[in-house]
There are 2 protein chains.
Amino acid sequence: MSPIEYRRSKQRTRILELLNGTKKHPTAQLIYEQLKPDFPHLSLGTVYRNLNILVETGALRKLHYGSAFDRYDARMDPHYHFICSNCDRVYDFPLPPVKSLETKAGEITEHTIYSHKVDFFGICRWCKNRSS
Amino acid sequence: MSPIEYRRSKQRTRILELLNGTKKHPTAQLIYEQLKPDFPHLSLGTVYRNLNILVETGALRKLHYGSAFDRYDARMDPHYHFICSNCDRVYDFPLPPVKSLETKAGEITEHTIYSHKVDFFGICRWCKNRSS
DNA sequence: CTGGGTGCAAAATCTTTGCAGATCC
DNA sequence: GGATCTGCAAAGATTTTGCACCCAG
């Protein structure tokens, strides 16, 4: 099956415009509410559908991605993770995190920073070998 | 109301043991399935309840945390984020990401790394000032 | 015209919660 | 004994999907 050829729709255009015009990182619900006045019959389903298309075509990014399920980790020392985009496995990253980043980041942003999280994404060595 | 004083239960103990004994980062469903043979009447609700308690008491960590809703970002250039734990707002981080981290990380782990994500957590300057 | 797009509502997915009985201290 | 915990089932919360009609190219 050839990839779907998307057309243009007022709703999708406006969703993208809205996101391009804000520094916030709105949820689908919020976008829905913002556009509702202009599209009185707009439905949340349409917003989700279009957000997914826009992510798929590379116009948008989903934050807090990761798979649908929450995952749990009993290693409480700070450490980074690597997530395989093929098999969805989550691996601990074998290097200690850089705590000093937080101090630096706090100075720059003037926010109080308590922690940070680093995730690497790619194809793990097992999936890589399997496909070659 | 004083904080709840947790007791011990076989189910909770086993959930923690299971997580302490694995390098994987299982989902609630997976934990449920692993323990089911030993607790034939175990329910998913109990697993979730206990995971939440273990996170609350600091024995576990939830990966891919963030609020319940997905958020969307139209800025496609790589950049980091700061998330305020008080107001849940997500701020863009005003410094360019360190792409060379990926090369280095790839060498160490032997995975193929395409991207990485950094999130800082803390209290944003607005919430900080408001509460003082 | 034709195939993608929409609204609406139902379904699916993941997580939480109310309740009655069991369990821990 | 009393608060906590469990299983079960129902409810919540978030996202996806089926369908019939609408609209862009």
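We name chains A, B, ... by the order of the sequence lines, and we start the count at 1 in each one.
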*Length of the OH-C1' vector between B:Tyr6 and C:dC25, whole Å*: 17 Å

*Give, for atom CZ of A:Arg61 and atom CG of B:Asp77, the distance between the pair rounded to the nearest 0.5 Å.*
7.5 Å

*In whole angstrom, give the distance that lies between atom CD1 of A:Ile53 and atom C1' of C:dG5.*
8 Å

*Is there side-chain contact between B:Ile123 and A:Ile113, with heavy atoms separated by less than 4.5 Å?*
no

*In Å, rounded to the nearest 0.5 Å, how long is the span from CG of A:Leu51 to CG of A:Leu16?*
10.0 Å

*Any B:His41 side-chain N or O less than 4.0 Å from OP1/OP2 of D:dC8*: yes

*Should the ring pair B:Tyr80 and B:His116 be called parallel, tilted or perpendicular, given that the plane angle runs from 0 to 90° and is split at 30 and 60?*
perpendicular

*Starting from P on C:dC14, measure out to CG on B:Leu30 and report it in whole angstrom.*
12 Å

*Do the ring planes of A:His111 and B:Phe82 sit parallel (below 30°), tilted (30 to 60°) or perpendicular (above 60°)?*
parallel

*Tell me: CZ of B:Phe39 to P of C:dA22, nearest whole Å?*
18 Å

*asked:* Using a 4.0 Å cut-off on heavy atoms, which residues in residues 7-15 of chain A reach DNA chain D? List them by number, or say none.
replied: A:Arg7, A:Arg8

*Closest-nucleotide 5' rank along DNA chain D - winner of A:Ala28 and B:Gly45*: B:Gly45

*Take the protein atom CG of A:Leu44 and the nucleotide atom C1' of D:dT14, then report the distance between them rounded to whole Å.*
9 Å

*Is the shortest heavy-atom distance from the side chain of A:Leu35 to the side chain of A:Val47 under 4.5 Å?*
no

*asked:* Please determine whether a side-chain nitrogen or oxygen atom of A:Thr46 lies at a distance below 4.0 Å from atom OP1 or OP2 of C:dG7.
replied: yes

*Rounded distance (Å) that lies between atom C1' of C:dC8 and atom NZ of A:Lys36*: 10 Å

_Is A:Asn50 close enough to C:dG5 that one of its side-chain N or O atoms is under 4.0 Å from OP1 or OP2 there?_
no

*Tell me: NZ of A:Lys62 to C1' of D:dT16, nearest whole Å?*
11 Å

*asked:* Do A:Arg12 and A:Thr46 make a side-chain contact, defined as non-hydrogen atoms from C-beta onward lying under 4.5 Å apart?
replied: no

*Can you tell me the distance, in whole Å, between the CG atom of B:Leu51 and the P atom of C:dT16?*
9 Å

